[in-house]
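Read through the structure below, which is laid out as structure tokens, and then see the notes.
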2 protein chains.
Amino acid sequence: MLHEEVVGRIRDILLDGEIPPGARIPERELCDRLQISRTPLREALKVLAAEGLVQLLPHRGSRAAKLTDKDVRDLFEVCQGLEALAGELACERITDAGIAEVAAAHAAMVQHYREGDLIQYYRGNRAIHEAIVTAAGNPVLAGLYASVTARIRRARYVTPMTPQRWAFAVSEHEAILNALQRRDGAGLAHILRAHLRHKREEVLQAGFAETEASELALRIA
Amino acid sequence: MLHEEVVGRIRDILLDGEIPPGARIPERELCDRLQISRTPLREALKVLAAEGLVQLLPHRGSRAAKLTDKDVRDLFEVCQGLEALAGELACERITDAGIAEVAAAHAAMVQHYREGDLIQYYRGNRAIHEAIVTAAGNPVLAGLYASVTARIRRARYVTPMTPQRWAFAVSEHEAILNALQRRDGAGLAHILRAHLRHKREEVLQAGFAETEASELALRIA
DNA sequence: TTCACCATTTTTGAATTCAAAATTTGGAAT
DNA sequence: ATTCCAAATTTTGAATTCAAAAATGGTGAA
């Protein structure tokens with residue numbers, strides 16, 4: 001199995017919350033499961049530790065990284081900055097076809113909103129943000145964004161999504177699409193920053209659950 | 001030797017340009033030199049590959065990553081965004097003592113400018129930018145910034161530093177310190193962006209040397 | 001002389017092995 | 001019965017080993 005493959009597999013295991021934050025990473029078990037020896041596994045763990053997903057304790061094994069409140073705040077802060085930058089660049093560089101794609105993704109997301117399908121809505125939401133980052137045409141930026149959002153998602157926070165909040169988030173997304181269509185870089189950056197700030201507020205206000213992450217526990221009050 | 005230690009040592013070797021970009025990384029040789037076996041060395045190389053400093057070619061060894069023109073552009077773009085964000089945050093969070101420190105560093109840098117000591121000037125310059133990032137109080141941001149600047153520095157570009165440019169750069173730094181002292185976040189972000197944009201222009205206009213990096217080849221026209 | 005093909009050597013990627021550190025277990029003393 | 005200490009076991013970190021892939025070199029034919 002290729003090195004990159006192993007890193008990806010373990011990253012997915014961590015992001016799926018199969019190994020909850022703070023939990024010990026069972027080396028032997030993962031070796032058996034992935035049918036590899038400890039050498040490539042440990043290489044992967046070092047890489048993931050550099051990414052911030054794994055915490056290495058000398059002579060005491062490795063654990064899935066645990067996010068503090070401060071970590072989440074910091075990550076959101078950086079994410080905001082990266083998305084704002086991506087928005088500005090995207091406005092300069094996105095093609096008309098690219099805008100059409102984002103518009104389509106937006107429409108699909110709104111449809112999920114209308115149907116009240118929160119899971120699909122979140123998926124569509126993420127797709128739009130990623131499309132904007134991709135449209136920025138900067139692989140370095142895209143890489144950092146991926147790493148930061150991965151760590152954030154790892155937090156598996158639980159925000160009580162009220163109808164008001166949801167409607168507001170959708171309206172923000174309307175504004176995002178609008179700014180992109182007008183290629184208003186500064187405006188898009190501004191909206192994205194506000195959008196992320198609101199999301200962060202929700203998360204920090206609600207606290208976030210670092211427990212068994214298999215249950216998504218998304219509820220609408 | 002500790003894992004982190006090995007990663008640091010090799011990172012330094014790469015940043016010092018001891019192994020020039022594009023050159024093969026001699027595994028055996030480094031093992032002898034660092035007095036370690038291939039296992040920890042290869043672990044370090046994977047980590048550095050994830051950081052973008054090393055390029056792994058399957059079944060064909062690893063090379064010091066080579067930066068294209070586009071890479072440099074992308075890195076500068078991201079660096080701009082990160083510094084702008086750091087500036088805004090620093091204005092909110094920096095203490096008076098912190099401002100005093102930056103002011104002192106600035107004064108030292110100006111002194112080096114007056115003496116015409118370009119090397120020391122660059123060192124002071126870097127110290128100021130790093131101090132601002134530190135003052136932002138966001139370790140995630142600081143980490144990304146470190147990684148991006150490391151990769152940029154690796155390019156070892158050669159810019160013909162004219163007296164005009166140098167004077168202008170110093171004036172920009174005056175403005176940076178000023179905005180920080182006024183805690184004008186938006187203003188500081190704006191200046192930092194412009195400052196980095198100018199630097200990038202210089203670099204891309206001049207092209208950059210990917211050769212034997214031991215010679216610094218900084219010259220004043 | 002040059003090109004192509006095959007054997008040899010080297011290098012890479014990964015499994016195994018080994019020593020040191022940490023954890024657990026069992027027993028003895030209070 | 002509980003606590004403390006020491007022996008045994010497990011786990012970790014790193015060296016060594018091993019198989020496969022790539023590079024090298026040498027020979028023979030055109």
Side-chain angles (χ1 to χ4, degrees), chain A residues 1-67 143 154 210 212, chain B residues 1-15 17-67 143 154 210:
Chain A
M1 196 184 302
L2 213 58
H3 163 74
E4 263 312 317
E5 166 87 3
V6 176
V7 174
R9 288 283 297 274
I10 299 171
R11 190 190 287 114
D12 287 342
I13 288 174
L14 291 169
L15 292 183
D16 289 348
E18 206 176 312
I19 299 174
R24 224 145 166 298
I25 293 174
E27 238 176 57
R28 191 58 52 93
E29 214 172 284
L30 281 179
C31 287
D32 293 346
R33 177 159 155 197
L34 303 185
Q35 294 289 309
I36 56 175
S37 76
R38 282 179 60 223
T39 306
L41 176 74
R42 289 171 54 77
E43 282 176 358
L45 289 178
K46 308 264 161 142
V47 170
L48 292 168
E51 275 180 35
L53 286 173
V54 165
Q55 185 182 10
L56 301 175
L57 303 108
H59 294 286
R60 214 163 300 174
S62 43
R63 298 180 163 274
K66 196 159 188 169
L67 292 178
R154 180 122 186 63
E210 289 239 338
E212 50 298 86
Chain B
M1 195 186 299
L2 212 57
H3 163 73
E4 263 312 315
E5 167 86 3
V6 176
V7 174
R9 288 284 297 274
I10 299 171
R11 189 190 287 115
D12 286 342
I13 289 174
L14 291 170
L15 292 183
E18 206 175 313
I19 298 174
R24 216 139 174 297
I25 293 174
E27 238 176 58
R28 190 58 51 93
E29 215 173 283
L30 281 178
C31 287
D32 293 348
R33 177 160 155 196
L34 302 185
Q35 294 288 310
I36 55 175
S37 76
R38 282 179 61 221
T39 306
L41 176 72
R42 290 171 53 77
E43 282 177 357
L45 290 178
K46 308 264 164 149
V47 170
L48 293 168
E51 275 180 34
L53 285 174
V54 165
Q55 186 183 9
L56 302 175
L57 302 110
H59 292 289
R60 211 162 302 176
S62 44
R63 298 178 165 276
K66 197 161 188 169
L67 292 177
R154 180 123 186 65
E210 289 237 337

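All figures in this text were calculated on a predicted structure; none of them were measured in a lab. Quick note on labels: first sequence line is chain A, next is B, and so on, each numbered from 1. These values consider heavy atoms only, across backbone and side chains, with no hydrogens, waters or symmetry-generated copies.
Nearest to the side-chain atoms of B:Arg28 among the listed nucleotides C:dT12, C:dA15, D:dA14 stands C:dT12. Counting only heavy atoms from C-beta on, A:Arg38 has its side chain closest to C:dT17 among C:dT12, C:dT17, D:dA15. If you check D:dA15, D:dA21, D:dT12 against the side chain of B:His59, the one that comes closest is D:dA21.
Residue B:Glu4 contributes atom CD, which lies 16 Å from atom C1' of D:dA14 at whole-angstrom precision. Spacing between atom CG of A:Leu41 and atom P of C:dG13 amounts to 17 Å, rounded to whole angstrom units. Atoms CG (A:Asp32) and C1' (C:dA15) sit 14 Å apart, rounded to a whole Å. If you take NZ of A:Lys46 and P of C:dA14, they are 16 Å apart, rounded to a whole angstrom. Between the CD atom of B:Glu43 and the C1' atom of C:dT12 there is a distance of 16 Å, rounded to whole Å. Rounded to whole angstrom, the span from the CD atom of B:Glu29 across to the C1' atom of C:dT10 amounts to 15 Å. Taking atom CD1 of B:Ile25 as the reference point, atom C1' of C:dT12 lies 14 Å away to the nearest angstrom. To the nearest angstrom, P of D:dT11 lies 14 Å from CG of A:Leu30.
OP1 or OP2 of D:dG13 lies within a sub-4.0 Å distance of a side-chain N or O belonging to A:Arg42. Using a 4.0 Å cut-off, no side-chain N or O of B:Arg24 falls inside it from OP1 or OP2 of D:dA23. Distances shorter than 4.0 Å separate none of the side-chain N or O atoms of B:Thr39 from OP1 or OP2 on D:dA14.
If you check every strand for non-hydrogen atoms under 4.0 Å, B:Arg60 touches sugar and phosphate atoms only.
Within the 4.5 Å cutoff, side-chain heavy atoms of B:Ile10 are placed close to those of B:Leu34. Annotation: side chain of B:Arg24 is not in contact with side chain of B:Ile19 (no heavy-atom distance under 4.5 Å). The closest side-chain heavy-atom distance from A:Leu56 to A:Val54 is below 4.5 Å.
Considering B:Leu41, B:Leu48, B:Ile13, B:Leu30 as possible partners of B:Ile25, the one that fulfils the side chain to side chain contact (heavy atoms under 4.5 Å, CB included) test is B:Leu30. Considering A:Glu27, A:Glu43, A:Glu29 in turn, A:Glu27 is the only one that fulfils the salt bridge (Lys or Arg N to Asp or Glu O under 4.0 Å) rule with A:Arg38.
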